[in-house]
Structures are given as structure tokens and as C-alpha cells.
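Since we're looking at a predicted model, the values are computed, not measured.
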Amino acid sequence: MHFLKKTLPIFAILTVLLLTACGNDNDKSATKTSPDKIKFLETSELLTLNTTAEEDFASFTAQNQVFEGLYTLDQKDNFVPGVADGMPEISADQTKYTIKLKKNAKWSDGSQVTADDFVYAWRRAVDPKTAPGYSALFKDSIKNATEINEGKLPVTDLGVVATDPTTLEITLKKPVPYFISLLSFETFFPQKESYVKKQGDKYGTDSAHTLYNGPFVMKDWGGNITNKWTYAKNDQYWDKDNVKVNEINVQVAKDINAGVNLYNTNEADRVPLSGDFAKQYKDKKDFQTEKDALISYLRMNQKRDGKATPLANNSLRHALNLAVDKKQLTDRILGDGSFPANGLLPKDFVQNPTTGADFRTDSGDHLVYNKEEALKYWKQAQKELGTDKVTIELLGDDQETTKTIFAYLKAQFEDNLPGVTIKVKNMPSKSATQLTSDGNYDLSLAAWMPDFKDPWTYSSLFLSDYFNNHMSYNSPAYDKLVKSTDTTLATKPEERWNAFVASEKVLLDDDAAILPLYQHQTAVLQRTDITGVQKHAFGSPYSYKFIRVEK
């Protein structure tokens, strides 16, 4: 979908979509839902059920329904035992964790989930032959993980052993304050060695080649080209009595208009909203907003195909940052309760260990929209680059919301910075992710939901040697500050906090390395008789275990 420079066509097209979707304005919230079959929508395809593969939000959500780790999150995001039979025993120096497993935790084939299943999965997560990007979480915490990942030690030297079928001993490389949080994260989930080896390369690629230990099992998923799948209650799950829904049917609706139509025709019981759809339905009984710690931002790639891009220019990066009216983006384009992000870390996520102040309060606002300043930076960039014109590619997935956001960004950049041309490139999620990972882009849309409750999960993204830095950003000053929080300041909470605050100022005020856009809030329509959809502030986006349908 192509838009002209002005923002008016965005609203015109949204209005057409809105009229199409909302021609029947009847309140459907009274429709009775059956606990035997709930119908949900996703906005992108499920890519993998292999927890030791590269992942995306749809995969995270799916994996959290069909697998379970040592710990999980309750409805207030507190850590509670999953496969574990209680909280860990931690050594005095905080580097050794001993965890007992439930004897009644089973795989969907009826076999017991054992400590060896965790040892096997974690070794796969750091083995250079099979390790995903998230191996960094292991390298940051568990003894010998880095050396194994670099091929210097065998996987058997990883600091995790099964002393018996229900006892796991974990040795850390250093104290890690957020380690229990990691144990609820998908990459730390178990895998049954004999089953995975039997499936080979097919493991986790469809529902028939995957073994489950969570509240649900996956059915009817034929791989990442399939736009439908089903979560079915797992009769082997240790806590199956607390799972009250028999089936959750999921289908992909990338187009918000199509999703709303499915909801209004009773083909879906829950649908995400954005833009005028959210504004149209905000007074309905079945309208809900869900608080989020997810930050959307633009990566600015400074090197492509081994050559510097125009975005290697600091003045151009500042110009682009200051040229976007984020409030108009959130209020008029998104309309789902999301609000401008003028920093890397989200609001209401982490607090000062001494004063209790929110991170956003201590760090303040950065790179706030200022059209006049943007133009000054652009004129400086033109001098430094030796050209009056720059063409920049903007890469993202092919969801309707992404297309709408890109139309707005294109208009902002081209109107506020004369001479800048934006070439929009929308692709299926998997393709866009691959191009980003390969560094084959100029600007790309990113969204980060925290893996665990600590500033490190955001700040580490832009370390020069970190796996998620796909934009050739390299700042010795930033590296020094962030790495100190994991080393010399690890046991000094206040100084560690101040280093995180200072690092954000380097990333944004000094380097304008990324373009923060907005902190996401999720607007949905959901049948009023459905409760218990758990939205998490970190880790997996959702848990469906405690969904209930009122009779």
C-alpha cells in the first residue's frame, strides 16, 4: 500500500476501512462463548516451536502455551514454580542454584519431565552448532557458556548438571540478580533429547514434530506458511485441573479490518485494534486496553554491505529523530492508548533502588520532536555528506499497522526534511527479520519487550559486540557504561542504576543511534464472558492457562 507525502490519505483510507468494518455497530459482547472452543487472532504467522531457535512475538506466545519452564508468572507477574517443585536453594555467594523438579511433570507422551531435559536444551542453546541469538542470555549468566559458544569447551562443561532425575544444579559465572526471571524465559525451557534427535531438522517446525509439557498441546499447525493453529488442553499436564478451556483456535489476520469483521461475525472472540478502530470501539463493553512495556523504535543501520550508509552521519540521525511528531503518531494514527517514547527504557518498568523513582523520571526525555532543530541538523548533514538529497530504505513486516505507521513516517521525514526520500519496503515477517539480522537495510522497525525485569534487557541491545546489535553501532563510551553494570557495579545497586541512566544519554542525546517511537499499549475487543488472559510486562507476551469463560 502506497501513500502520498501528506498524512491525509492515511486517515482517508483508515476511514474507508472503518466503514467497512463497522457498518454493523451492534454490540456483540453479549454473544455467549463456549469453553470448548475459543477463537483468537494473531497478526503474524507462527514461525517456530523450537525454543532453541530464533524467535518472534507470535512464537513466544505460542511456546508459552505449549511448554513450561522451571518457573512461570502469575497474574501479577510474580515468579511461581512451574516444572520446579519450589523456589531454588541459592548459595551464599549467589552463584549456585539447586532446584527440585515436580515428579508429576510430564511430556505430552506421558513420560516424565526430568532434569536431564533441561540440561539437554540448555546445551543446545549454547552449542555453536545449534545456538540461537538468545544464547547471549546463557553467556551472560551460566558458567562456561561463553567458552562453549566460542568452541573453546565441550557442551558437557556447561554449568548445569542433573544430579538425579528431579534435581538440577546450576553454577553461574557471577551473581546474576535477575536469574530466576531468566528461568521463566522460553529459551530456558526443557527439550526431551530422544524425541528431538528422532525428529531431526523437523523438530519444532509443525505440530506433529513437537513434544509438549505445557497447559496446551499444539494441533493443526503445518509450519510457518500456515495461518491457523489450535491450542488443545494437555491431558498430561501436571496442573490440568486448572485449565478450563478445551481449545483455543487461532488464525492470522494481518489486516485489522479483516480481524474486526471476524469479530463482528462471531468468527473471533478477541481481536487487536489500532488507529480509528480503537477510537471507534473505546466505549464498548468489550473494549479493553492492556498495559505494555514494549518499545517500538527504528534501527539506524550505519553500515551495509561493508560500506558506510548515510546513517553513519550523526547529524542525519539527529535530524530524523527530531523530525517525527510522536504524539500525532500515537494519538491520531495508532489511537490504542500507546504514547510517545522519548527514551529507550519504558515507563513503569524498573525503579531506582534507592528512591523508588521510575527510570523515565530519572533519565528524562530525549530526542523530543522539534521541526526547527531537525531542519538545522539536516542542513548540517547535507554539508557533511556533500549532497542535498538522501534516499533511505525503511524496512518492516507486511502487517496493516506497520504499513500505516510507515506511511506516516514517510510523510514526516519527507515533509520536514526536504531532500530526504523514503523508500518503504514491507515484507512477510520472516523475510524482514532475516534482512535485519543480516544488516541488509537502512532503517528497520523494531519492537522490544523485556526478557526479564532489569534495565540490562534493553541497554545490552546496543553493545557493540551484542547479538541483537544489527546496525553497526559501536560506542566505546556506551559499552563502558553498560558493561560496568554487569561487572564492577553488579553488587552496587545505586551506582549501577546511575550507569544505566548515563548510558541512555550517550545512546540518544550524544549518538541518536536509534529512533524511539512509542511505548505500546494493546487495545482489544474481547468477549465480556472471557477472563484470565494474562498480559505480561516481560518474557512471553501472554499466558492462556487461566482463561475462564463465564457461564
Side-chain angles (χ1 to χ4, degrees), residues 1 42-63 124-137 149 186-187 200-206 209-210 221-227 229 252 254 294-309 311 392-403 405-406 409 422-449 451 460-473 513-515 517 540-541:
M1 186 181 297
E42 280 282 0
T43 57
S44 61
E45 294 90 352
L46 165 60
L47 300 185
T48 182
L49 286 178
N50 183 354
T51 55
T52 56
E54 301 293 353
E55 302 184 21
D56 61 289
F57 285 130
S59 297
F60 274 134
T61 294
Q63 291 170 14
R124 278 174 55 84
V126 298
D127 187 335
K129 297 176 183 177
T130 53
Y134 277 106
S135 63
L137 297 178
N149 190 251
E186 279 79 357
T187 317
D201 291 341
K202 293 183 178 180
Y203 175 74
T205 60
D206 58 35
H209 293 89
T210 312
W221 178 57
N224 59 30
I225 60 171
T226 305
N227 64 356
W229 58 89
V252 175
K254 298 179 182 180
L294 185 149
I295 295 290
S296 285
Y297 62 95
L298 292 183
R299 295 185 183 91
M300 296 184 164
N301 192 18
Q302 298 186 32
K303 187 178 290 186
R304 185 172 182 177
D305 296 327
K307 299 178 181 179
T309 71
L311 295 168
I392 302 171
E393 180 186 271
L394 176 58
L395 172 69
D397 62 36
D398 55 359
Q399 296 182 40
E400 284 303 310
T401 300
T402 301
K403 293 178 181 179
I405 291 172
F406 277 15
L409 293 176
I422 301 296
K423 293 178 63 177
V424 172
K425 188 173 185 177
N426 292 108
M427 308 175 69
S429 178
K430 188 173 185 179
S431 300
T433 299
Q434 188 61 54
L435 286 179
T436 298
S437 297
D438 294 341
N440 191 10
Y441 71 96
D442 296 331
L443 291 172
S444 76
L445 184 64
W448 190 258
M449 180 178 176
D451 299 327
S460 61
L461 294 174
F462 306 105
L463 291 171
S464 58
D465 58 353
Y466 211 61
F467 76 99
N468 253 313
N469 182 350
H470 299 303
M471 55 187 204
S472 299
Y473 174 64
I514 62 171
L515 198 169
L517 290 171
S540 176

Item to check | Qualifying residue for side chain to side chain contact (heavy atoms under 4.5 Å, CB included) with Ser444, from Leu394, Leu395, Leu298 | outcome: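 Only one of Leu394, Leu395, Leu298 forms a side chain to side chain contact (heavy atoms under 4.5 Å, CB included) with Ser444, namely Leu395.
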Could you give the distance from [atom1] ([X]) to [atom2] ([Y]), rounded to the nearest 0.5 Å?
| X | Y | atom1 | atom2 | answer |
| --- | --- | --- | --- | --- |
| Thr433 | Asp438 | OG1 | CG | 10.5 Å |
| Ser437 | Asn468 | OG | CG | 8.0 Å |
| Arg299 | Thr436 | CZ | OG1 | 5.0 Å |
| Thr210 | Trp221 | OG1 | CH2 | 6.5 Å |
| Lys425 | Asn440 | NZ | CG | 6.5 Å |
| Leu311 | Leu443 | CG | CG | 5.0 Å |

Report yes if some heavy atom in the side chain of [X] is under 4.5 Å from a heavy atom in the side chain of [Y]; otherwise report no.
| X | Y | answer |
| --- | --- | --- |
| Leu445 | Leu517 | yes |
| Ser472 | Asn301 | yes |
| Leu461 | Ile514 | no |
| Pro541 | Phe60 | yes |
| Ser540 | Gln63 | no |
| Arg124 | Asn50 | yes |
| Glu186 | Tyr134 | no |

Using modelled atom types and a 3.5 Å cut-off, is there a donor and acceptor pairing between side-chain atoms of [X] and backbone atoms of [Y]?
| X | Y | value |
| --- | --- | --- |
| Asn469 | Met471 | yes |
| Thr309 | Arg304 | no |
| Asp398 | Asn426 | no |

Next on the checklist: Could you work out, with salt bridge (charged side-chain N to carboxylate O under 4.0 Å, His left out) as the rule, every residue matching Asp206, not counting sequence neighbours?
Outcome noted: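 Residues passing salt bridge (charged side-chain N to carboxylate O under 4.0 Å, His left out) with Asp206: none at all.
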Next on the checklist: Just to verify, what does Tyr297 make a ring-ring contact (aromatic ring centres under 6.0 Å, His included) with, not counting sequence neighbours?
Outcome noted: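 Result, ring-ring contact (aromatic ring centres under 6.0 Å, His included) vs Tyr297: Phe462.
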Checklist entry - Who passes ring-ring contact (aromatic ring centres under 6.0 Å, His included) against Tyr441, sequence neighbours left out? => result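 Tyr441 satisfies ring-ring contact (aromatic ring centres under 6.0 Å, His included) with no residue once adjacent residues are dropped.
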Checklist entry - Taking all atoms of both residues into account, what is the closest heavy-atom pair of Pro132 and Thr187, and its distance? => result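 Answer, listing the atom of Pro132 first, then Thr187: CG-CG2, 4.2 Å.
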Checklist entry - Would Asp397 and Thr402 count as a side chain to side chain donor-acceptor pair (under 3.5 Å) if you check the C-alpha gap in whole Å, the side-chain angles of each, and the deciding distance to 0.1 Å? => result CA-CA 7 Å; Asp397 62 36; Thr402 301; 2.6 Å; yes
Next on the checklist: So for atom CG, which belongs to Asp465, do other residues, nucleotides or ligands contribute more than 12 heavy atoms lying within a distance under 6.0 Å?
Outcome noted: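 Enclosed.
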